[in-house]
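Fair warning: this is a prediction, and the values are worked out from it, not measured in the lab.
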Amino acid sequence: MIPQDFLFQHRTVIDFGRGSLVRLGEHVTHLGAERALLVCDKGIIDAGLAAQADAVLKSAGVKTYWFSDLSPNPRDTECQAAASKALAS
């Protein structure tokens with residue numbers, strides 16, 4: 001049974017479309033972040049998208065760290081390794 005009254009807040013922002021990557025730094029700094037962990041696979045790196053995201057974040061004053069030790073369908077141990085890198089950065 002669903003209660004009659006409840007509050008639901010969804011904080012996910014989806015900024016999609018041509019050129020949307022240039023706004024990444026704005027979104028991150030709006031959250032008050034000064035550091036970001038870029039989690040990406042080899043395909044994203046090879047396509048140059050990770051480097052573009054890195055440049056946008058750095059130009060916004062955000063220090064970046066990369067994690068790319070991932071399989072196509074990451075296992076829990078890979079996710080834990082990414083979290084450990086984020087905490088250590």
Side-chain angles (χ1 to χ4, degrees):
M1 173 181 237
I2 298 175
Q4 285 185 303
D5 298 320
F6 65 91
L7 174 65
F8 175 75
Q9 289 184 317
H10 197 283
R11 297 184 183 265
T12 300
V13 174
I14 299 172
D15 187 348
F16 177 81
R18 191 174 301 251
S20 59
L21 184 59
V22 299
R23 294 185 292 276
L24 179 61
E26 177 184 330
H27 291 302
V28 172
T29 56
H30 176 75
L31 295 171
E34 297 174 352
R35 303 175 299 149
L37 180 66
L38 291 174
V39 179
C40 46
D41 65 13
K42 184 179 178 336
I44 296 297
I45 293 170
D46 291 348
L49 295 172
Q52 289 178 35
D54 185 68
V56 169
L57 290 168
K58 285 181 178 172
S59 71
V62 178
K63 186 166 176 67
T64 59
Y65 305 90
W66 290 37
F67 183 84
S68 60
D69 191 16
L70 299 167
S71 60
N73 188 14
R75 302 192 50 85
D76 60 335
T77 53
E78 295 167 306
C79 295
Q80 185 60 46
S84 294
K85 176 146 187 179
L87 292 172
S89 301

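Between Ala36 and Leu57, the shortest heavy-atom contact is CB-CD1, 4.1 Å. Considering every non-hydrogen atom in both Asn73 and Glu78, the closest pair reads O-OE1, 4.2 Å. Residues Ala50 and Leu38 come closest through the heavy atom pair O-CD1, 3.9 Å.
Residues passing the side chain to side chain donor-acceptor pair (under 3.5 Å) test with His27, sequence neighbours excluded: Asp15. For Asp46, the salt bridge (Lys or Arg N to Asp or Glu O under 4.0 Å) partners at least two apart in sequence or on another chain are Lys42.
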What donor-acceptor contacts under 3.5 angstrom involve side-chain atoms of residues 62-70, with partners at least two apart or in another chain?
unit_1: Thr64; atom_1: OG1; unit_2: Asp54; atom_2: OD1; d: 2.3
unit_1: Trp66; atom_1: NE1; unit_2: Asp54; atom_2: OD1; d: 3.1

**Request:** Evaluate the criterion side-chain contact (heavy atoms from CB on, under 4.5 Å) for residue pair Gln80 and Thr77; output intermediate values, then yes/no.
**Result:** CA-CA 5 Å; Gln80 185 60 46; Thr77 53; 5.5 Å; no

**Item:** Working for side-chain contact (heavy atoms from CB on, under 4.5 Å), residues Leu24 and Leu21
**Value:** CA-CA 5 Å; Leu24 179 61; Leu21 184 59; 4.0 Å; yes

